[in-house]
Q: 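One structure, pasted below without further comment.
Atoms within a ligand are numbered from 1 in the order they appear, just like the ligands themselves. It should be emphasised that the depicted structure is a prediction, and the values quoted were computed from it without experimental measurement. If you read the sequence from its start, that first residue is 1, and numbering goes on from there.
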Amino acid sequence: MSENFLNSLNESQKIAAQHIDGSLLILAGAGSGKTKTITTRLAYLISIGIDPSSILTLTFTNKAATEMRERAYAMIDSSSVNTPPLLCTFHKFGLLFLKFHMSELNRKNSFIIIDNDDKKRILKTIDKEITTSLLVSEISKYKNTLLTPSEAKIAAQLKLYQQIADIYEKYEAYLLKNNLVDFDDLLLLPYLILEKNEELAKQTSQRYQFIMVDEYQDTNELQYKLLRKLCTTHNNLCVVGDDDQSIYGWRGATIKNILNFADNFKDTKIVKLEENYRSTDTILEHANQLIEHNRDRLGKKLIGTREKGESVKVYESSDENEETRKIIDDITKLVARGESARNIAILFRVNALSRSLEEGFNRAGINYRLIGGMKFYERAEIKDLIAYFRLLTNSTDNFSLKRVANKPKRGIGKTTLDKLDDLSNETKKPIFNILEEYSPEELSTIVGKKNSRTLKVFIASIMDLRDMLEESKMRFLDSFEETFDYRASFDNVPDGFDRQGNIDEFYGYIRDFFIQNPHLNLEDFLNEIALESEQSELTDQAVSMMSIHSSKGLEYKHLFVIGLEEGFFPIIGDGSDIEEERRLGYVALTRAMDTLTLSFVHSRFYKGKRATLLKSRFLSESGLIKGSLTIEKQSSYKKGDLVQHKIFGMGRVQKAEKAGKDFKLTINFGGQRRDILSSFVEKI
Ligand code: ATP
Ligand code: MG
């Protein structure tokens, strides 16, 4: 038996990897090798002759599953594995299960999975009044807490929630009739089947003798229940997690799953891992300091194993453009030094913040990849606005007209738009012109009286806005909002904060464009951004940008976290939870291996105007800013460092002595030695 791969583990990791029978909880902080341990455990189980097809490993993302499979296979002779172990996300597992057992619910296994967009469209056909995103999130909540439509009706107190429960019932009927399943069904239906059929639960549990779950802190009640069903006949469940990294509370994930694990599964062995192998000591120290501000935690030790490393940098900028410039400068230097772009990542708490970065990266010609989120211009609300602006500059754009005719909702349905589309094809006239030229009476005969009136008003508004655009480009966006209330349509919507953030970003960008280019018009702007989105292609050699949520489990040699301002990170107020925000901070900081840079600005475009911002409390909580105003030296200096001085040019540090916040440096500028304070030079 060759188990050399076990030698790359420390003692506690080895114990965990070699644990075979009975439940196992690996509870440990970031970068302590939890994922590595279960990956090795998977290889170990196979290496001692356990049938690979009896091992089920569940991960949070597809990417994590792929990586784990590759790593586990690299440890063993994968050619000897006939039936591979099942390694996938919870949702994928649910799908595979349903393919075999959907008939238990008297449904065919030829069902189709619908995505969030489809879901919204279906909900829109059922109800046009209640905001779709609210319906989406409420229905998802019901499903994840196993609430049937009739139970939801009984539970509903407010009229709004009675309506939502009604819509939920209709929605479920629609899915059933058309044999569709949504993402939540992929967890819910397997559970219902196993709940109903005890024999099948036993069989399934016997089939998967060994079950492992990564990122257990982010599982919800339904996932826990499903796992219990899978453990009907055994107790061989191994989960790994970190209570300090629980960041999906808002989606129903519950830390209870970790806290109660040992009570729920008898004779649980608990293994704690206390060494961090990922980050330099300096980075770890700041991450630990930050998370210590949370009360609601189990409290774990996490000791560094690496050298001290470079200081964490804090960038202070006047606005997002300066912030982007600094980061691009740093990245350019890293890449020039031979660093691969794929080792570099930028994280943000609020998605809207990626816009100025994307823009800067496009301009600088740096490849980037926006992970786990759509590119800025692919987001629905931005696509809507672009469609509006296209229609404003081009009457023949039927597609854009159809996209926005009912946004925000004004009662224009698909049937009406289809009729107009047909007429447009027949008459070879753009819909816009039809709506403009036909008399209200003529139009009524095609789309009905009410729609005719609505569409006439819509067209008149577009024409007014065209005039406005001629008159004053700077006033135009205000008039646009006054006319259509597009931004306001996301008020009090669950993901409204992010969407309005994106809209504000976009408006800010347009205003900037007009200020910078007074002679250019809206059409020029549209052309410019069309090119921009073309350029943003996927490549492997790319810097990664993502939300902190998408970064869990990942690691990068060089990491930047932007937007450390109160309100952006942490998000404050309505429904936000400061402890969860802080855990997000901890997740962010612990993604970094070698260097970490945090950035805050004094102002950003926000809610349609430039907002003055205060730096995030997380900067002082993590010990990066002492007192309230001073920023710790951006970097330390040592003999041999190359520096640049505005007047004396490039030089090499001969001697460095700490002098207050600064360093007193003796620098050799091409043979000339000078003593200079570090704040007057830039490190190269
Ligand atoms: P997270 O909580 O962020 O998901 P994790 O606990 O899953 O982190 P891993 O991603 O498994 O941690 O490991 C972090 C890094 O440390 C990886 O680069 C891994 O290869 C390395 N590592 C883990 N254990 C060891 C070890 N015993 N010796 C050397 N390197 C290790
Ligand atoms: Mg991990």
Q: Under 4.0 Å from any heavy atom of S8, which atoms of ligand 1 are there?
A: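 In order of number, 26 (C), 27 (N), 28 (N).
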
Q: Counting heavy atoms only, which of K552, E11, R278, K36 is nearest atom 1 (P) of ligand 1?
A: R278

Q: Consider every N or O of G553 and every N or O of ligand 1, then say whether any pair is closer than 3.5 Å.
A: no

Q: So is S32 polar-close to ligand 1, meaning N/O to N/O under 3.5 Å?
A: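 Yes, there is a polar N/O contact under 3.5 Å.
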
Q: When you look for heavy atoms under 4.0 Å from ligand 1, do you find them on the side chain of R591, its backbone, both, or neither?
A: side chain

Q: Using the benzene-type ring in the case of Trp, are the ring centres of F210 and H234 under 6.0 Å apart?
A: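 Ring-ring flag for F210/H234: false, centres at least 6.0 Å apart.
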
Q: Looking at R604, R617, K615, which hits salt bridge (charged side-chain N to carboxylate O under 4.0 Å, His left out) with E565?
A: R604

Q: Determine whether the side chain, the backbone, both or neither of A28 has a heavy atom under 4.0 Å from any heavy atom of ligand 1.
A: neither

Q: Mark yes or no for whether D330, through its side chain, and I327, through its backbone, hold a donor-acceptor pair below 3.5 Å.
A: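 Answer holds: no.
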
Q: Touching ligand 1 at all, N10? Heavy atoms, strictly under 4.0 Å?
A: yes

Q: So for ligand 1, is G33 a polar contact partner (N or O within less than 3.5 Å, distance only)?
A: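 G33 vs ligand 1: N/O contact under 3.5 Å present.
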
Q: Does R342 count as lying over the ring of Y556, i.e. NZ or CZ under 6.0 Å from the six-ring centre, within 45 degrees of the axis?
A: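 Not flagged: R342 not positioned over aromatic ring of Y556.
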
Q: Counting each atom of ligand 1 from 1 as listed, which ones have a heavy atom of G29 under 4.0 Å away?
A: 6 (O)

Q: Have a look at ligand 1 and work out which part of E275, if any, has a heavy atom under 4.0 Å from it: side chain, backbone, both or neither.
A: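 No part of E275 is near ligand 1 at this cut-off.
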
Q: Which of the numbered atoms in ligand 1 are under 4.0 angstrom from any heavy atom belonging to A30?
A: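 Heavy-atom distances to A30 below 4.0 Å select 2 (O).
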
